[in-house]
Amino acid sequence: MIKMNMLQAINDALVTAMNDDEKVMVFGEDVGHFGGVFRATSNLQQKFGKGRCFNTPLTEQGIIGFANGLASQGSVPVAEIQFGDYIFPAFDQIINETAKFRYRSGGQFTCGTLTIRTPYGGGIAGGLYHSQSPEAFFAHIPGMKVVIPRNPYQAKGLLLASIRDDNPVLFMEPKRLYRASVGEVPEEDYELPLGKADVVKEGEHITLLAWGAQVDVIEKAAEMAEKDGISCEIIDLRSILPWDAHTVSESVKKTGRLIINHEAPQTGGFASEISATVQERCFLYLESPITRVCGLDTPYPLAHEKEYMPDHLKTYEAIKRCVNY
Amino acid sequence: MIKMNMLQAINDALVTAMNDDEKVMVFGEDVGHFGGVFRATSNLQQKFGKGRCFNTPLTEQGIIGFANGLASQGSVPVAEIQFGDYIFPAFDQIINETAKFRYRSGGQFTCGTLTIRTPYGGGIAGGLYHSQSPEAFFAHIPGMKVVIPRNPYQAKGLLLASIRDDNPVLFMEPKRLYRASVGEVPEEDYELPLGKADVVKEGEHITLLAWGAQVDVIEKAAEMAEKDGISCEIIDLRSILPWDAHTVSESVKKTGRLIINHEAPQTGGFASEISATVQERCFLYLESPITRVCGLDTPYPLAHEKEYMPDHLKTYEAIKRCVNY
Amino acid sequence: MKDRNHLFDVGISHTVNIIDKGTVDIPMLQILQPDGSAHSDAQMPDMSQETAHKIFQTMHYIRVLDERMVGAQRQGRISFYLACSGEEASTVGSAAALSEHDMIMSQYREQGALAYRGYRTEQFMNQMFSNKLDPNKGRQMPIHYGDKALNFMTISSPLATQIPQAAGYAYGQKMAGNQAITICYFGEGAASEGDFHAGLNMAAVLSCPVIFFCRNNGYAISTPSSEQFCGDGIAARGLGYGIKTIRVDGNDVLAVYLATQKAREIALTENCPVLIEAMTYRLAAHSTSDDPTGYRSKEEEQKWREKDPVQRFENWMKSKGWINEEQHKQFIEQTRQEVLAAMKKAEQVDICEIDDLVNDVYDMPPWHLQEQLSQLKKHIRLYPDAYPKTAGRIRHD
Amino acid sequence: MKDRNHLFDVGISHTVNIIDKGTVDIPMLQILQPDGSAHSDAQMPDMSQETAHKIFQTMHYIRVLDERMVGAQRQGRISFYLACSGEEASTVGSAAALSEHDMIMSQYREQGALAYRGYRTEQFMNQMFSNKLDPNKGRQMPIHYGDKALNFMTISSPLATQIPQAAGYAYGQKMAGNQAITICYFGEGAASEGDFHAGLNMAAVLSCPVIFFCRNNGYAISTPSSEQFCGDGIAARGLGYGIKTIRVDGNDVLAVYLATQKAREIALTENCPVLIEAMTYRLAAHSTSDDPTGYRSKEEEQKWREKDPVQRFENWMKSKGWINEEQHKQFIEQTRQEVLAAMKKAEQVDICEIDDLVNDVYDMPPWHLQEQLSQLKKHIRLYPDAYPKTAGRIRHD
Ligand SMILES: Cc1ncc(C[n+]2csc(CCOP(=O)(O)OP(=O)(O)O)c2C)c(N)n1
Ligand SMILES: Cc1ncc(C[n+]2csc(CCOP(=O)(O)OP(=O)(O)O)c2C)c(N)n1
Ligand SMILES: [Mg+2]
Ligand SMILES: [Mg+2]
């Protein structure tokens, strides 16, 4: 085990994957010689050559279009979109092509080997265009998998699993954890399962659910609540699509209460899907309304970032409301 | 009043808007001389000239980019995207530009005058790429309005209101109703309110909610249920964003039960938002789980279209399940 | 680090110098004159009698297929069809110049290339009737063919998406050392999409062995190319990307064949993209949903009928003495019957079982699709009459 | 119905004719030599001493601003800055050739154009400190300026989106009979986006009076233009769209001014787009988040420092006797102090009230935003210390 930050863990996963399979190719804007604006792809071009790690022209629709073709040919592309906010020019290639390739051809051709990596999320004074959390858009696309790690250990294990999974995966990296999150990471090759939530802490009175950087937030809120004698179960969803409704429902059947926290605007956010599903499965167990603590229904702001964010205080207040319902 | 089908009502609304305000301009692929592949823009070029009704090159991102600029200049663009399935190349221009124009500039510049029209939905043997119902993607974009008519009367009144509303509106037209839905339409200029649901029929035991072409489907299911003595309240949501949570919640407080029906895949569909919100507002009134009758989590199929669709039979079965819960 | 000095390499003028459309002249390669005789000074392609014959038959095959299927659509037997008449030389001639290992990525009007590759009548029919023998499992509208065995990528409706994909596919072929290229077909309308720009530029920068083959047939549905672009066709754009470009008479199969051969050689040996613009005309309606009388004149169509690519090649073949009239008549008759028979057969084949509604969304159906499928099966069993195509064949699980 | 006969208008060749990068020569307009002296045969623009002086001062103003703000970012006073050194001639020279009624749509490195239009130091500062005097209401990162009064469209980060928008804006100007055009700036990196293709093609087809002004500064963050495109720069693409195109030395302010004047005249009188490619170099880092030593050499930078556009113009101004050294020194000193003073002032101004978090999403906040706002206010009142920037000023409602 070595101590790494999340960027180092991602870099390590890429090195591991490229060593393991020469069909793995890594590309995107500035990812080549320079190693990416966040340096997640540092030294890959030096190690594996320009053929396998390269800069692309500045065109997200082109990057994903190119990656779709490359995947359908049998290579294993790992394409980087420099910021989650800039993935939308590629939305058509993802929803109409990546996700439907296998289905429309009856399984003759697929983009199963494709992994798209992109940093996302706020809390870094990035304003409208360096802060968005677009996971819900991709959660409504059958055929895609969506995966989000919360620490370096997960980042390496989930990224390796994503690259090797035979389905296209959008791998979203909470960028405010890139350097802030540091932890022990095994040096060897390992994978963590896709589609499985992680019960971070067991508890009795209420279930708190989040993913990525927001897991820290609900942990902090839980600490506050524990002082009031409220025992919180904490779940990190890890995979947004397909998601682990089973683990979440089992937890809610036990606690009777659920709070979902995410950064994205509330309306149409992924919390709504979780709420709707859990309500169907746990109707008779619920002791208070499933509650969403989310971003406001505004573009991501700058000066009011603190006020916008679904922080530990808002979560703590929601916990009290649920428990005292 | 004249009898019109939905296409004629849309054409009539466009003529009315263009007569009323010379800043209204209508454009898109094949909308000019030819009048659009569905003929919704028939004769507009002949009536108002090539400057105000014209063909564009074949580029959806260009059409919406152009429309954004034109709107910010003060004109009133009504842009057509030939099929809802082909709106995704324009997704970036919509989410990052149209919807954020006013906010990011502190209200200095806006795309408020823009209306985007697009046919959507299945039931016409269109397969993966002529059948999608993408409303949920746009419901997660603060700054957008999303509006869907269910008949010719609504089509004219809501389209006129959308064109004149000072916010960008995505106006989605259920294409299987284009010729199938025929009804009385006032000849004069009139508007129907955005953001307001329409209670189609009052009832006691359960609320059924849908929009566009699916309203017919829930009506059919309700007829079956009435024979079993189940009285259904039927609501047409009409506006997807902002949506009328008040009317829906009041109804559910009365009936204690809610079924939401939409064609789009269930996971991450707009039914999840409605379910999550109504559950929060009506928790103590609910007598059975809020139930979603939706498309399957697959791309839209062709040979299995009938099986895929959330039809009246599936809705009827869901009604019975809810009432007997 | 290699220094960049683009400014140093550029010529200088001291007065305003406007570059415009007229600045370059991009002539069109033509070997056969409209009457089928070769220009006396033409560079003749090296084409065997066998190849010429296969091309000739494929062109006729496709004409028959188109004619019959447009008819079948009118009779309500299939929901949709899209004919390619007028463009047979472009698609058949180019496909003939490729190796069978080359990947074909098409738009939708390239049944000529597919037939040349060896797609059989029954395969066409199974796809168009969405039955369970369709390799797409009945999931796409008619004419969305695809066949992995023939290296023909499954067609998808969204326009131009295959263009950057072709660059990526070709990059993969190069990295794998396959000695094969990709050809990517598209219309002049699709060339307005952002994906066109992305694909051509990426292919150039990343040295991808791909032929971009534009069928400039004058129309995108009702939109004439004069409302699609202002430049000198699509060929002029090749220059902008630094891509080697050939303009060819798309109604002259020999010219198309020669240009594609040359393009393939360049793509493969120089590891780079080549752009071909084939100047042609969509003689047919856009599709069976379209009626061109609303947007173009009979006279215009007539002018182009006189340049018919099939007739032109036939005249040349005749001049070579390579046609046996009797055998040819038989071939046409036999094809007609084959199409009719295959159609009858295909329309009687069941659609796929209900499980195929959820298969292939992922490699394996995840829990939520399994749940949805089993609920659906239960439901169909309740109302078998409402779902007649699948109700009788639900597997119990 | 006008018949289409694109095939009839095309020249014919009987042998394969490959069009390639070398086929056209696109020289670059240069009036001043690197040492500031004019080429003897150069076409001199008609520029008054007053205009020359304003250009000169604006270039210097921007240099001072850049220098101070990069410093302020290093001190942690602002979060981000993006300098334009090396490109002052391109942006100031082009802005000077416009009418104040023309709309400017920029990418982000065009503070020169904005300053020339009359944006004041305090305005720059209010934007960069996201305070309540910022017309954007503190919602965007530093350098995302915008001013309706100055016809300068608010900058947005997603690259190239403004290109089709500029076409639309210009179309609106034409329809309104405004006698004004739109200028749209972008980098050679952004020109790889699909929106570039869409925007230029639409502007050509729909006859929009717009100048597309590409700053080809050799880099997109770390990516050199050799990995961005293979063609002859961006100018060669103009040809493909049938757009009149001028290549200009972007470090020569007289050349930029002349080219833009000419382009504006053409755009306005002929109702059409014009493409200008300014060949220049980003002397600065991409932004304060970037360090170029990782991807280019000091020697390369040095070569370009010798072509410094500010120095070049200064030499010319001197040769005309148009510079008063004393006044100029004073101007620089005064600007420095003005920037520092404005910075001090701006950083003390509050951010907007909390209501502005939900204002401007729509014309009026709908019910759900009203609800969210009132819940938020309640919450902030509970924890005023946690939200110190807004807690003290919550309006009661
Ligand atoms: C992204 C997208 N937009 C619109 C359409 C609808 N559409 C289908 S074919 C067509 C015209 C295509 O013209 P062209 O590329 O010239 O090909 P041709 O039909 O002439 O062979 C259009 C607009 C589509 N399929 N995909
Ligand atoms: C759509 C999009 N993709 C990526 C980025 C991130 N990004 C910001 S600036 C930049 C480079 C732009 O280069 P260029 O257009 O040449 O302009 P320059 O910085 O040289 O002035 C990139 C990749 C972005 N802002 N928007
Ligand atoms: Mg065409
Ligand atoms: Mg640049």
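In what follows, every chain begins at residue 1, and chains take the letters A, B, ... in the order their sequences are listed. Note that these values count all heavy atoms, side chains included, but never hydrogens, waters or copies made by symmetry. Because the structure is a prediction, the values reported are computed rather than measured.
Here the side chains of D/C352 and A/H304 are in contact, with some heavy-atom distance below 4.5 Å. A 4.5 Å side-chain heavy-atom check between A/K306 and D/K389 finds every atom pair outside the cut-off. The shortest distance between side-chain heavy atoms of A/E29 and D/T223 does not fall below 4.5 Å.
Within residues 218-228 of chain A, no residue has any heavy atom less than 4.5 Å from a heavy atom of chain D. Heavy-atom proximity under 4.5 angstrom to chain D picks out A/Q82, A/Y86 from residues 80-88 of chain A.
The candidate from D/S289, D/G187, D/P365, D/G194 with the greatest count of non-hydrogen atom pairs under 4.5 Å with chain A is D/G194. Contact count versus chain D (heavy atoms, under 4.5 Å) is highest, among A/P89, A/G62, A/G126, for A/G126. Heavy-atom pairs under 4.5 Å with chain A peak, among D/A190, D/P366, D/G189, D/A160, at D/G189. Per-residue counts of heavy-atom pairs under 4.5 Å with chain A were compared for D/S156, D/S157, D/S130; the largest is that of D/S157.
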Would you please test A/K314 and D/L376 for side-chain contact (heavy atoms from CB on, under 4.5 Å) and show each step?
CA-CA 9 Å; A/K314 292 180 187 172; D/L376 177 60; 3.8 Å; yes
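Listed for the D/Q140 side chain is no donor-acceptor partner under 3.5 Å among the backbone atoms of A/G127.
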Ignoring hydrogens and angles, write down the donor-acceptor pairs under 3.5 Å from the side chains of residues 289-299 of chain A, residues two or more places apart or on other chains.
residue: A/T291; atom: OG1; partner: A/P289; partner atom: O; Å: 3.0
residue: A/R292; atom: NE; partner: B/E280; partner atom: OE2; Å: 2.8
residue: A/R292; atom: NH1; partner: B/E273; partner atom: OE1; Å: 2.9
residue: A/R292; atom: NH1; partner: B/E273; partner atom: OE2; Å: 3.4
residue: A/R292; atom: NH2; partner: B/E273; partner atom: OE2; Å: 3.4
residue: A/R292; atom: NH2; partner: B/T277; partner atom: OG1; Å: 3.0
residue: A/R292; atom: NH2; partner: B/E280; partner atom: OE2; Å: 3.3
residue: A/D297; atom: OD1; partner: A/Q266; partner atom: N; Å: 3.3
residue: A/D297; atom: OD1; partner: A/T267; partner atom: N; Å: 2.9
residue: A/D297; atom: OD1; partner: A/T267; partner atom: OG1; Å: 3.4
residue: A/D297; atom: OD2; partner: A/T267; partner atom: OG1; Å: 2.6
residue: A/D297; atom: OD2; partner: D/Q372; partner atom: NE2; Å: 2.7

Which side-chain N or O atoms in residues 76-83 of chain D pair as donor and acceptor under 3.5 Å with protein atoms at least two apart or in another chain?
residue: D/R77; atom: NE; partner: D/E347; partner atom: OE1; Å: 3.3
residue: D/R77; atom: NE; partner: D/E347; partner atom: OE2; Å: 3.3
residue: D/R77; atom: NH1; partner: D/Q75; partner atom: OE1; Å: 3.3
residue: D/R77; atom: NH2; partner: D/E347; partner atom: OE2; Å: 2.6
residue: D/Y81; atom: OH; partner: D/D66; partner atom: OD1; Å: 2.6
residue: D/Y81; atom: OH; partner: D/Q111; partner atom: NE2; Å: 3.4

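For D/L357, the parts sitting under 4.5 Å from any heavy atom of chain A are the backbone and the side chain alike. Looking at D/I351, only its side chain comes within 4.5 Å of chain A, counting heavy atoms on both sides. With a 4.5 angstrom heavy-atom cutoff, D/L382 touches chain A only via side-chain atoms. When heavy atoms are compared at a cutoff of 4.5 Å, D/E353 approaches chain A solely by way of its backbone atoms N, CA, C and O. In this structure, no portion of A/E305 lies under 4.5 Å from any heavy atom of chain D. Only the side chain of A/Y316 comes within less than 4.5 Å of a heavy atom in chain D; its backbone stays farther off. For D/D360, no part sits under 4.5 Å from any heavy atom of chain A, backbone or side chain.
Note that the CG atom of A/L313 and the NE2 atom of D/H379 stand 5.0 Å from one another [nearest 0.5 Å]. To the nearest 0.5 Å, the span separating CD on D/Q228 from OG1 on A/T59 amounts to 9.5 Å. The structure places OH of A/Y129 at 12.5 Å from CE of D/M141, a figure rounded to the nearest 0.5 Å.
With no hydrogens or angles considered, a side-chain donor-acceptor pair links D/Y387 and A/D311 at under 3.5 Å.
Counted within 6.0 Å of CZ on D/R74, heavy atoms from surrounding residues, nucleotides or ligands total 12 or fewer; the atom is thus considered open.
Across every non-hydrogen atom of D/S222 and A/D30, the tightest pair is OG-OD1, 2.7 Å. In this structure, D/I380 and A/E307 approach most closely via the heavy-atom pair CD1-CG, 3.7 Å.
With salt bridges taken as basic N to acidic carboxylate O contacts below 4.0 Å, none links A/E317 and D/K378.
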